[in-house]
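Read through the structure below, which is laid out as structure tokens, and then see the notes.
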Amino acid sequence: MAPTSLETTYKLNSGYEIPVVGFGVYQTPPDVTEKVTLKALELGYRHVDSAAFYQNEAETAEAIRKSGIDRSKIFYTTKVPRTHMGYEKAKQSIEESVAKANLGYIDLILIHAPYGGTEARLGAWRALVEAQKAGKVRSIGVSNYSIAHLEELEEYIKNGGGGEISVGQYEIHPWCAREDIAEWLKKRNIVVEAYSPLVQAKRMSEPVLQELAKKHNKSPAQILVRWSLQKGYVPLPKSVTDSRILENSQIFDFELSKEDVESLNTGVYAPVCWDPVKDAE
């Protein structure tokens, strides 16, 4: 059953729920973050994805406070940066993120990328598990982990490391599908989040997208967000333009056919962001 609105949620392994579309603030300048996040919340988004690396956590959280929407109705994510891998540094990063947000708790904290080696990765995870037990964060997960990194973490958890992976966040779109990783995560009921679902607007003129946009009377961006939803992912579209923030949310009144979805199986591997999945040791 396809999601029906911005407030539809998936159940996480932690027991909490995550709204099926998030509003991303990557590369959003701090001085406009509060304004655009407020606009997104006003338009019905209930899930906002930030990170320590983005340097706009405080502004994102300020928008959540100013929105007038009950805190429990908004899902807020941040991430431990690659500069803070290892137990002590990750612990420091988590404390700083909690203080900057000042929201009582953070819904989800991810390890942003699997850099630093095994000891650093597992140390950062231990810090997340402790923060979860202390009630500072409700759900924890990872971003940009290869299957080898995921299996390393799974082994650590099984051997008493604690915690559960609730979310795996990746650059995912038809030109970077990561089907193998998505399958690994889904088998374990881990929610798959798709960042850069709009491919940073670099593929909007692709013939297949143009044809589907025409067929459904939707924009290429809406086709891409809908594709993500129908794959069972949680897309995180971002924009600083009010009309596009709205447009990216208007994806519940149409459906791609099986043939439409298959036409977007490009077989191309062309990430538009960094690629720690391939690069990290």
Side-chain angles (χ1 to χ4, degrees), residues 1-12 17-24 26 40 43-49 75 77 143-144 167-239 241-273 277:
M1 182 86 170
T4 55
S5 79
L6 286 171
E7 294 187 26
T8 305
T9 59
Y10 294 136
K11 189 76 163 276
L12 295 170
E17 295 191 348
I18 185 169
V20 295
V21 175
F23 179 69
Y26 171 56
L43 292 171
Y45 290 81
R46 292 295 179 265
H47 172 183
V48 187
D49 181 86
F75 192 98
T77 301
S143 181
N144 300 303
V167 169
Q169 186 182 118
Y170 294 83
E171 178 183 341
I172 296 180
H173 47 71
W175 295 273
C176 183
R178 303 200 195 277
E179 296 279 3
D180 55 339
I181 293 173
E183 186 184 347
W184 192 98
L185 296 166
K186 283 181 170 182
K187 273 186 184 167
R188 291 155 176 83
N189 297 313
I190 298 167
V191 166
V192 182
E193 288 188 331
Y195 71 78
S196 291
L198 306 181
V199 209
Q200 296 183 353
K202 289 177 180 168
R203 296 274 187 177
M204 296 306 185
S205 58
E206 292 278 343
V208 64
L209 260 191
Q210 290 292 326
E211 283 165 26
L212 290 173
K214 194 174 173 186
K215 175 182 173 182
H216 293 282
N217 197 27
K218 289 287 179 179
S219 70
Q222 288 169 320
I223 298 295
L224 287 169
V225 179
R226 183 71 202 183
W227 175 87
S228 236
L229 274 185
Q230 287 186 216
K231 297 285 273 185
Y233 308 150
V234 172
L236 305 169
K238 61 149 290 197
S239 178
T241 309
D242 289 359
S243 60
R244 289 197 181 130
I245 294 171
L246 175 62
E247 179 187 291
N248 293 340
S249 72
Q250 294 176 325
I251 34 78
F252 298 99
D253 58 351
F254 77 106
E255 191 162 348
L256 298 173
S257 68
K258 193 178 171 198
E259 292 72 29
D260 292 341
V261 173
E262 281 172 5
S263 73
L264 287 166
N265 288 342
T266 67
V268 175
Y269 183 83
V272 289
C273 303
V277 178

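All figures in this text were calculated on a predicted structure; none of them were measured in a lab. Just so you know, these numbers use all the heavy atoms, side chains as well, and skip hydrogens, waters and symmetry mates.
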Contact summary for [X] and [Y], nearest pair of heavy atoms:
X    : Y    : answer
L224 : P174 : CD2-CD, 3.6 Å
P235 : V225 : CG-CG1, 3.8 Å
P197 : H173 : O-CB, 3.9 Å
M204 : P220 : SD-CB, 3.6 Å
L198 : P237 : CD1-CB, 4.2 Å
I251 : N248 : CG1-O, 3.5 Å

### Task
Kindly compute the distance separating OH (Y269) from SG (C176), expressed to the nearest 0.5 Å.
5.0 Å
### Query
About how many Å separate CZ of R46 and CG of L6, when rounded to the nearest 0.5 Å?
8.0 Å
#### Entry: Parallel, tilted or perpendicular: ring planes of H216 versus F254, cut at 30 and 60 degrees
tilted
Is the shortest side-chain heavy-atom distance between [X] and [Y] below 4.5 Å?
X    : Y    : result
K218 : D253 : yes
E193 : D49  : yes
W227 : D260 : no
L43  : I245 : yes
V191 : Y233 : no
S263 : L212 : yes
Y26  : L236 : no
R178 : V192 : no

### Task
Carefully, step by step, assess S249 and F23 under the rule side-chain contact (heavy atoms from CB on, under 4.5 Å).
CA-CA 9 Å; S249 72; F23 179 69; over 6 Å; no
### Task
Before giving the answer on side-chain contact (heavy atoms from CB on, under 4.5 Å), spell out for F75 and L12 the whole-Å C-alpha distance, their side-chain angles and the decisive distance to 0.1 Å.
CA-CA 12 Å; F75 192 98; L12 295 170; 4.0 Å; yes
Side chain to side chain donor-acceptor pair (under 3.5 Å) with [X]: which residues, sequence neighbours excluded?
X    : answer
Q210 : none
E17  : T9
R226 : Q230
W175 : none

Give a yes or no on whether a salt bridge exists between [X] and [Y], defined as a side-chain N under 4.0 angstrom from a carboxylate O.
X    : Y    : answer
R203 : E206 : yes
K231 : E179 : yes
K215 : E211 : no

### Task
Have a look at S196 and tell me which of E171, K238, K202 forms a side chain to side chain contact (heavy atoms under 4.5 Å, CB included) with it.
E171
### Task
Take K11 and N189 through the test side-chain contact (heavy atoms from CB on, under 4.5 Å) and record every step on the way to the result.
CA-CA 9 Å; K11 189 76 163 276; N189 297 313; over 6 Å; no
### Donor-acceptor contact below 3.5 Å, side chain S239 vs main chain T241
yes
### Query
Looking only at atom types and distance, does a side-chain atom of S219 sit under 3.5 Å from a main-chain N or O of Q222, one as donor and one as acceptor?
yes
### Task
Under the salt bridge (Lys or Arg N to Asp or Glu O under 4.0 Å) rule, collect the residues that match up with E7, sequence neighbours excluded.
none
### Task
Might you work through the side-chain contact (heavy atoms from CB on, under 4.5 Å) test for V234 and Y195, ending with a clear yes or no?
CA-CA 9 Å; V234 172; Y195 71 78; over 6 Å; no
### Task
Please check if atom CG in D180 has more than 12 non-hydrogen atoms from other residues, nucleotides or ligands closer than 6.0 Å.
yes
### Message
Going by the rule side-chain contact (heavy atoms from CB on, under 4.5 Å), which residues pair with T8 if we only count those two or more places apart in sequence or in a different chain?
### Response
P3, T4, S5, V20
